[in-house]
Amino acid sequence: QVQLVESGGGLVQAGGSLTLSCTASGRTSSRHTMGWFRQAPGKGREFAAGKNWSGGVTSYADSVKGRFTISRSSAENAVYLRMNSLKPEDTAVYYCAAGVSTDPATWASIRESSKYDYWGQGTQVTVSS
């Protein structure tokens, strides 16, 4: 079992920045694939960013590429999502997810929610215009 807890959401003006944190506990591993997904009001959950550090695979949604960066701290057992140049359309609940499969991660697979086995409760990000 892996437990994930997100934090760092809030209200920010367009053009501003936020850093989301995801603290993992339980049977965590540096081989896990970690991802960030988001769900805007009235819409389905969509992929934002994902990374498998052991395989060296990183992927970003086109809508966030160049603005968002996924990173981690092994010492703190945490994954982060740095979000710059925020836009009102980035408003959503952001979810952290962990995939524990030993199958090789690919650029395509880490973009799929089915790749992930554990999910956090989400943190709200609201970007005002």
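Excluded from the calculations below are hydrogen atoms, water molecules and symmetry mates; all remaining heavy atoms, backbone and side chain alike, are included. The structure presented is a predicted model; accordingly, all values stated were derived computationally and were not measured.
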Show me the donor-acceptor pairs within less than 3.5 Å that the side chains of residues 47-54 make with the rest of the protein, sequence neighbours left out.
{"residue": "Lys51", "atom": "NZ", "partner": "Thr58", "partner atom": "OG1", "Å": "2.9"}
{"residue": "Asn52", "atom": "OD1", "partner": "Ser54", "partner atom": "N", "Å": "3.4"}
{"residue": "Asn52", "atom": "OD1", "partner": "Ser54", "partner atom": "OG", "Å": "3.0"}
{"residue": "Asn52", "atom": "OD1", "partner": "Gly55", "partner atom": "N", "Å": "2.7"}
{"residue": "Asn52", "atom": "ND2", "partner": "Arg31", "partner atom": "O", "Å": "3.2"}
{"residue": "Asn52", "atom": "ND2", "partner": "Thr33", "partner atom": "OG1", "Å": "2.9"}

Quiz prompt | Exercise: identify the closest heavy-atom pair between Arg111 and Ser59 | solution = NH1-OG, 2.7 Å
Quiz prompt | pair Thr123-Leu20: side-chain heavy atoms closer than 4.5 Å | solution = yes
Quiz item: What distance do Arg38 atom CZ and Phe68 atom CZ have between them, rounded to the nearest 0.5 Å?
Solution: 5.5 Å
Quiz item: How long is the span from the CE atom in Met83 to the OG atom in Ser17, to the nearest 0.5 Å?
Solution: 8.5 Å
Practice problem: Look up atom NZ in Lys115 and atom CG in Asp103, then write down how far apart they are to the nearest 0.5 Å. | Solution: 6.0 Å
Quiz item: For the hydrophobic clusters of this structure (ILVMFWY residues joined by side-chain heavy atoms under 4.5 Å, transitively), does one cluster hold both Val93 and Leu81?
Solution: no
Quiz item: Backbone N or O of Ile70 within a donor-acceptor pair of the Tyr60 side chain at under 3.5 Å?
Solution: yes
Quiz prompt | Side-chain touch Leu86/Leu18, heavy atoms, less than 4.5 angstrom | solution = yes
Quiz item: Under the 3.5 angstrom rule, does the side chain of Glu6 hit a backbone N or O of Cys96 as a donor-acceptor pair?
Solution: yes
Quiz item: Do any N or O atoms from the side chain of Thr91 and from the backbone of Pro88 form a donor-acceptor pair under 3.5 angstrom?
Solution: yes
Exercise. Drop me the distance from Asn84's CG to Thr19's OG1, to the nearest 0.5 angstrom.
Key: 7.5 Å
Quiz item: Any idea which heavy atoms bring Gly99 and Tyr116 closest together, and the distance?
Solution: N-CD2, 3.6 Å
Practice problem: Report the relative orientation of the aromatic rings in Tyr95 and Trp119; use parallel for angles under 30°, tilted for 30 to 60°, perpendicular for over 60°. | Solution: perpendicular
Exercise. Indicate if Val79 and Val64 have the same hydrophobic cluster label, given that clusters are the connected sets of ILVMFWY residues with side-chain heavy-atom separations under 4.5 angstrom.
Key: yes
Quiz item: Can you tell if the side chain of Ile110 reaches within under 4.5 Å of the side chain of Val57, non-hydrogen atoms only?
Solution: yes
Exercise. Mind checking the CZ-NE2 spacing from Arg27 to His32? Nearest 0.5 Å is all I need.
Key: 8.5 Å
Practice problem: Answer yes if Val125 and Phe37 sit in the same cluster of Ile, Leu, Val, Met, Phe, Trp and Tyr residues linked by side chain heavy atoms under 4.5 Å apart, and no otherwise. | Solution: no
Quiz prompt | Interatomic spacing from CD in Glu46 to OG in Ser63 - rounded to 0.5 Å | solution = 5.5 Å
Practice problem: Tell me, please, which residues at least two apart from Arg67 pass salt bridge (charged side-chain N to carboxylate O under 4.0 Å, His left out). | Solution: Asp90
Self-check item: Side-chain (Tyr94) to main-chain (Gln39) donor-acceptor, under 3.5 angstrom
Solution: no
Quiz item: In this structure, are over 12 heavy atoms from other groups packed under 6.0 Å from Gln1 atom CD?
Solution: no
Quiz item: Which is it for Trp36 and Cys22 under the side chain to side chain contact (heavy atoms under 4.5 Å, CB included) test, yes or no, and what are the steps along the way?
Solution: CA-CA 9 Å; Trp36 287 94; Cys22 173; 3.6 Å; yes
Quiz item: Which residues satisfy the salt bridge (charged side-chain N to carboxylate O under 4.0 Å, His left out) test with Lys43, sequence neighbours excluded?
Solution: none
Quiz item: Out of curiosity, does Val2 fall in the hydrophobic cluster containing Met34 (side-chain heavy atoms, cut-off under 4.5 Å, transitive links)?
Solution: yes
